[in-house]
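Because the structure is a prediction, the values reported are computed rather than measured.
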Amino acid sequence: MVLCGLAVLLSYLAGFWRRKTAAAAFAAARAAATAKERDRYCRLAVLAGHREACLMFCFARSDFFEDHQPLKPFKSHGIKVAFYGYYYPSRYADLIDDEQRAFCCSLYQFKEGENHGIEFFKACMSVLNLADAPYHILFMPCSDEFKYARRFKRLDWYITTHRPDLSSGLYDVDVFESRDSLHEAKGGENRILERNYRITGNIEGKQIIIVDDVLTSGQSMADYKEEIERCGGKVVAAIFYGKTVTRPPLLLIKAHVWGGCIVNKIKELTK
């Protein structure tokens with residue numbers, strides 16, 4: 001009985017100090033001045049079982065945990081897709097670095113019409129490597145007509161004044177009523193999209209490139225493609241300012257960190 005009580009006490013103390021160590025390492029990672037220090041402390045916090053440190057490490061290593069990389073085209077819903085960078089929802093603001101935070105800020109500015117988005121547009125268009133042909137740009141309808149016009153009016157200006165190889169379809173779409181924003185709503189990627197728009201322009205026979213702010217599940221893109229093709233257009237590509245970062249299982253993140261730790265120890269012992 002005494003031995004059982006002692007074992008429970010030791011287990012409690014070990015767990016207590018493990019949590020303290022994890023919290024301290026995570027705090028050090030958040031306060032780190034360099035990426036190398038941040039990575040080191042973040043790994044220590046993951047090894048100690050800190051949940052938020054797992055997400056911080058995952059966000060810092062998108063090259064390992066993400067299936068798709070910025071400005072590397074891929075297929076989704078039968079569409080060639082490219083995006084400019086990763087979007088981290090605001091609830092993760094404390095887990096990302098300054099560069100990631102700055103990108104998210106620029107994306108929010110694009111959504112609000114404060115950032116014209118021309119650099120994003122040019123970068124994504126250049127990596128699509130599409131054959132020479134006249135392409136028609138259709139912008140993803142927003143939750144209301146004011147956001148739609150505010151978000152895309154400057155890209156419309158750029159296309160009509162600087163890109164003779166393209167045509168803008170800003171006014172081919174009529175956003176006739178308001179709807180909830182999928183990105184702002186909780187569990188938005190699982191919601192059924194309400195069509196609050198109609199395509200009024202003549203797009204029959206045109207090769208279409210869709211432009212939008214954020215790619216999450218691809219649900220709205222697939223729905224828009226269906227409506228475009230019903231109206232006679234052919235969607236050949238889609239570009240996005242950001243792609244919502246994915247969250248892999250915590251077990252996978254821990255396995256990656258523990259695996260790296262074990263490999264490094266083996267290398268040290270075999271030197």
Side-chain angles (χ1 to χ4, degrees), residues 68-87 99-100 102-175 181 183 197-216 218 220-221 224-225 227-229 231-244:
H68 307 297
Q69 302 297 313
L71 300 178
K72 301 288 185 182
F74 62 95
K75 279 291 186 76
S76 176
H77 299 274
I79 303 172
K80 192 173 187 179
V81 174
F83 65 95
Y84 198 36
Y86 293 115
Y87 164 63
E99 184 177 345
Q100 293 167 327
F103 178 83
C104 290
C105 181
S106 73
L107 191 152
Y108 290 133
Q109 291 172 337
F110 174 69
K111 289 169 73 73
E112 294 301 317
E114 298 168 5
N115 172 5
H116 50 63
I118 294 172
E119 295 306 317
F120 129 70
F121 182 84
K122 290 165 64 176
C124 286
M125 289 293 294
S126 67
V127 300
L128 287 176
N129 292 321
L130 298 173
D132 291 336
Y135 294 104
H136 192 60
I137 307 300
L138 282 183
F139 303 96
M140 182 68 71
C142 302
S143 54
D144 64 58
E145 61 180 317
F146 303 106
K147 288 183 179 179
Y148 176 72
R150 183 176 62 195
R151 185 172 301 169
F152 298 120
K153 65 182 179 181
R154 290 205 250 176
L155 274 182
D156 169 69
W157 169 83
Y158 167 72
I159 292 165
T160 54
T161 58
H162 291 76
R163 296 297 297 263
D165 56 323
L166 304 173
S167 56
S168 172
L170 182 69
Y171 302 106
D172 287 341
V173 177
D174 173 29
V175 181
S181 170
H183 300 305
Y197 65 90
R198 62 175 70 92
I199 296 176
T200 56
N202 180 13
I203 62 170
E204 187 171 354
K206 293 183 178 181
Q207 298 198 73
I208 306 295
I209 298 174
I210 296 171
V211 176
D212 197 8
D213 55 352
V214 178
L215 172 66
T216 302
S220 56
M221 176 183 68
Y224 198 29
K225 175 191 176 186
E227 183 65 10
I228 289 169
E229 295 186 343
C231 294
K234 181 183 178 182
V235 177
V236 297
I239 61 174
F240 298 83
Y241 200 112
K243 174 188 173 297
T244 302

Requested in this report: Check whether any side-chain heavy atom of D213 lies under 4.5 Å from a side-chain heavy atom of F110, and answer yes or no.
Outcome: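 Answer yes - side chains close enough.
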Requested in this report: Answer yes or no: is there a side-chain heavy-atom contact under 4.5 Å between M221 and D212?
Outcome: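 No, their side chains stay 4.5 Å or more apart.
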Query raised in the report: Taking only residues at least two apart or on different chains, which pairs with a member in residues 159-174 satisfy salt bridge (Lys or Arg N to Asp or Glu O under 4.0 Å)?
Result: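 Those involving residues 159-174 are R163-D165, D174-R198.
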Query raised in the report: Could you give all pairs that pass the salt bridge (Lys or Arg N to Asp or Glu O under 4.0 Å) test and reach residues 124-146, with sequence neighbours left out?
Result: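 Every candidate salt bridge (Lys or Arg N to Asp or Glu O under 4.0 Å) pair involving residues 124-146 fails, so no pair, neighbours aside, qualifies.
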About how many Å separate [atom2] of [Y] and [atom1] of [X], when rounded to the nearest 0.5 Å?
| X | Y | atom1 | atom2 | result |
| --- | --- | --- | --- | --- |
| S143 | R151 | OG | CZ | 7.0 Å |
| Y148 | L170 | OH | CG | 4.5 Å |
| N202 | C231 | CG | SG | 9.5 Å |
| S76 | F240 | OG | CZ | 7.5 Å |
| K243 | T216 | NZ | OG1 | 8.5 Å |
| I208 | I79 | CD1 | CD1 | 11.5 Å |

Query raised in the report: Listed by chain and number, what are the side-chain contact (heavy atoms from CB on, under 4.5 Å) partners of A102, not counting sequence neighbours?
Result: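 In terms of side-chain contact (heavy atoms from CB on, under 4.5 Å), with neighbours along the sequence ignored, A102 is linked to no residue.
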Requested in this report: Go through the structure and list residues passing side-chain contact (heavy atoms from CB on, under 4.5 Å) with A131, not counting sequence neighbours.
Outcome: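 For A131 the side-chain contact (heavy atoms from CB on, under 4.5 Å) partners, ignoring immediate neighbours, are Y135.
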Under 3.5 Å, which donor-acceptor pairs do the side chains of residues 152-159 form with other protein atoms, sequence neighbours left out?
| unit_1 | atom_1 | unit_2 | atom_2 | d |
| --- | --- | --- | --- | --- |
| R154 | NH2 | G113 | O | 2.8 |
| R154 | NH2 | E114 | O | 3.3 |
| D156 | OD1 | S168 | OG | 2.5 |

Requested in this report: Indicate the atoms forming the closest heavy-atom contact of Q207 with A133, along with that distance.
Outcome: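 Closest pair (atom of Q207, atom of A133, distance): NE2-CB, 3.8 Å.
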**Report entry** Closest contact, heavy atoms only, V175 versus P141
**Finding:**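 That closest heavy-atom pairing would be CG2-CB, 4.1 Å.
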Query - Residue pair N115 / Y241, side-chain donor-acceptor N/O under 3.5 Å - result: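 Yes, because at least one side-chain N or O of N115 sits under 3.5 Å from a partner of the opposite role on Y241.
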Query raised in the report: Sub-3.5 Å donor-acceptor pair from the side chain of Y197 to the main-chain atoms of M140, do we have one?
Result: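 Pair absent, no side-chain N/O of Y197 close to backbone of M140.
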Query raised in the report: If only atom types and distance count, is the side chain of K80 paired as donor or acceptor with the main-chain N or O of L130 below 3.5 Å?
Result: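 No, the answer is negative, given that no donor and acceptor are paired below the 3.5 Å cut-off.
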Query raised in the report: Which one of I203, I209, V235, V211 satisfies the side chain to side chain contact (heavy atoms under 4.5 Å, CB included) criterion with L138?
Result: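 Result for side chain to side chain contact (heavy atoms under 4.5 Å, CB included) with L138: I203.
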Non-neighbouring partners of [X] that pass side chain to side chain donor-acceptor pair (under 3.5 Å), sequence neighbours left out:
| X | value |
| --- | --- |
| Y84 | none |
| S167 | H136 |
| Q69 | Y86 |

Report task. Could you give me the CA-CA distance, side-chain angles and deciding distance for V173 and Y224, then say whether side chain to side chain contact (heavy atoms under 4.5 Å, CB included) is met? Result -> CA-CA 11 Å; V173 177; Y224 198 29; 3.3 Å; yes
Requested in this report: For H68, enumerate each residue passing the ring-ring contact (aromatic ring centres under 6.0 Å, His included) test, keeping only those at least two apart in sequence or located in another chain.
Outcome: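 Applying ring-ring contact (aromatic ring centres under 6.0 Å, His included) to H68 gives F74.
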Name the atoms and distances for all side-chain donor-acceptor pairs under 3.5 Å in residues 119-127, with sequence neighbours left out.
| unit_1 | atom_1 | unit_2 | atom_2 | d |
| --- | --- | --- | --- | --- |
| S126 | OG | K122 | O | 3.4 |
| S126 | OG | A123 | O | 2.7 |

